[in-house]
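Notes follow the structure.
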Amino acid sequence: MKCLSLTPSSPRLPLPQSPIQQRHINFPMPTHQSPNLGRQYTGAAPGALYSAPLDLRESHNPNAIGHPDSKDVKDDERPATDLQQHSVLAAQSGITRQQLINSPCPICGDKISGFHYGIFSCESCKGFFKRTVQNKKNYVCMRGSTCTVSTSTRKKCPACRFDKCLCMGMKLEVKLR
DNA sequence: CTTCAAGGCCAC
DNA sequence: GTGGCCTTGAAG
Ligand SMILES: [Zn+2]
Ligand SMILES: [Zn+2]
């Protein structure tokens, strides 16, 4: 079993997910000690997909640059330091950091708080991954790794949550892929 | 100075 | 165990 290879190549599916999010990137896992840890999130959601809100903000006005003295720059505040280091991300994905952060967490669908362990995720999934990895937890699913992971169910099965973390590309060392 | 992310903290 | 918030230190 592998991850759900949900690629935007399917013109059918509406795909209520993030604009672009990293998916399964065969994890090297330097600290890979368990031979049976080769499990991957199967995305086993029995006919139940997420209901991601997907708030794609930052839709700048296509034109409206006429008046030099018009102060309608109220879209998103950015005092001074704006064009900074999201260049890499923005360049490769063609999307701004703001847009990425306004997408739902690829693991549980919660609000993304930032870039954590290789992917954009919410604060809770970041903490969960940290705990799981640092304490070398070995969660085992009681239901055949078919659990749905969402904000309301993420506490139910840490095994499936961790599977999904890995599947979505979380890793300890962001460097050295 | 600034922002970012890893890890720590700790009430729940 | 969970997750929101904080501190740290690196990078710009
Ligand atoms: Zn999450
Ligand atoms: Zn499970």
Side-chain angles (χ1 to χ4, degrees), chain A residues 17-34 36-37 39 41 43-45 50-58 60 73-177:
Chain A
Q17 199 55 267
S18 324
I20 178 170
Q21 196 66 266
Q22 47 281 99
R23 208 123 289 192
H24 56 69
I25 317 164
N26 274 347
F27 58 99
M29 270 294 177
T31 59
H32 187 234
Q33 66 278 64
S34 300
N36 70 322
L37 201 69
R39 61 190 174 199
Y41 182 69
Y50 310 107
S51 56
L54 183 50
D55 180 14
L56 267 180
R57 301 187 69 265
E58 236 187 12
H60 299 121
V73 198
K74 55 163 61 176
D75 199 25
D76 227 27
E77 69 300 310
R78 202 86 277 184
T81 49
D82 184 1
L83 309 133
Q84 13 115 199
Q85 59 202 106
H86 59 51
S87 49
V88 180
L89 284 154
Q92 75 159 70
S93 58
I95 201 167
T96 67
R97 183 187 173 81
Q98 280 284 321
Q99 288 173 319
L100 231 33
I101 274 185
N102 277 297
S103 308
C105 172
I107 297 157
C108 71
D110 207 342
K111 178 79 176 178
I112 285 181
S113 71
F115 193 69
H116 308 295
Y117 302 104
I119 70 171
F120 283 90
S121 78
C122 70
E123 194 67 21
S124 69
C125 287
K126 165 204 162 191
F128 169 77
F129 187 79
K130 175 184 64 179
R131 258 179 275 126
T132 304
V133 159
Q134 286 182 175
N135 304 355
K136 297 184 172 62
K137 297 293 180 61
N138 282 60
Y139 296 118
V140 178
C141 178
M142 299 275 124
R143 307 171 49 194
S145 300
T146 60
C147 308
T148 302
V149 183
S150 68
T151 51
S152 51
T153 62
R154 65 192 183 195
K155 285 199 198 70
K156 306 288 187 207
C157 183
C160 287
R161 189 182 188 181
F162 189 61
D163 282 352
K164 198 168 182 181
C165 283
L166 295 176
C167 181
M168 299 320 261
M170 270 198 173
K171 52 199 169 298
L172 294 100
E173 300 182 80
V174 180
K175 309 178 67 177
L176 306 172
R177 291 205 167 182

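In what follows, chains carry the letters A, B, and so on, assigned in the order in which the sequence lines appear, proteins first and then strands, with residues in each chain numbered from 1. FYI, side chains are in, hydrogens and waters are out, and symmetry mates aren't considered; it's all heavy atoms of this structure.
OP1 or OP2 of C:dT2 has at least one side-chain nitrogen or oxygen of A:Arg131 nearer than 4.0 Å. For A:Arg161, a side-chain nitrogen or oxygen approaches OP1 or OP2 of C:dG3 to under 4.0 Å. When the side-chain nitrogen and oxygen atoms of A:Arg154 are compared with OP1 and OP2 of C:dG1, none of them lie within a distance under 4.0 Å. A:Lys111 has no side-chain polar atom (N or O) that falls below the 4.0 Å cut-off from OP1 or OP2 of C:dG4. For B:dT3, neither phosphate oxygen OP1 nor OP2 lies less than 4.0 angstrom from any side-chain nitrogen or oxygen of A:Arg97.
Partners of A:Arg154 according to the salt bridge (Lys or Arg N to Asp or Glu O under 4.0 Å) rule, which considers only residues two or more places apart in sequence or in another chain, are A:Asp110. Residues passing the side chain to side chain donor-acceptor pair (under 3.5 Å) test with A:Thr132, sequence neighbours excluded: none.
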Heavy-atom protein contacts under 4.0 Å, nucleotides 7-12 of chain B, coded B base, S sugar-phosphate only, - none: BBB---
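Between A:Glu123 and A:His116 there is a side-chain heavy-atom pair separated by less than 4.5 Å. At least one side-chain heavy atom of A:Phe129 sits less than 4.5 Å from a side-chain heavy atom of A:Leu166.
Going from atom CG of A:Leu100 over to atom C1' of B:dA5 covers 15 Å, rounded to whole Å. Regarding A:Glu173, its CD atom lies at a distance of 15 Å from the C1' atom of B:dA5, rounded to whole Å. If you measure from atom CD of A:Gln98 to atom P of B:dC4, you get 9 Å, rounded to the nearest angstrom.
Side chains of A:Ser152 and A:Ser150: a donor-acceptor N/O pair is present below 3.5 angstrom, by distance only.
A cation-pi geometry, defined here as NZ or CZ lying under 6.0 Å from the six-membered ring centre and within 45° of its normal, does not hold between A:Arg161 and A:Tyr139.
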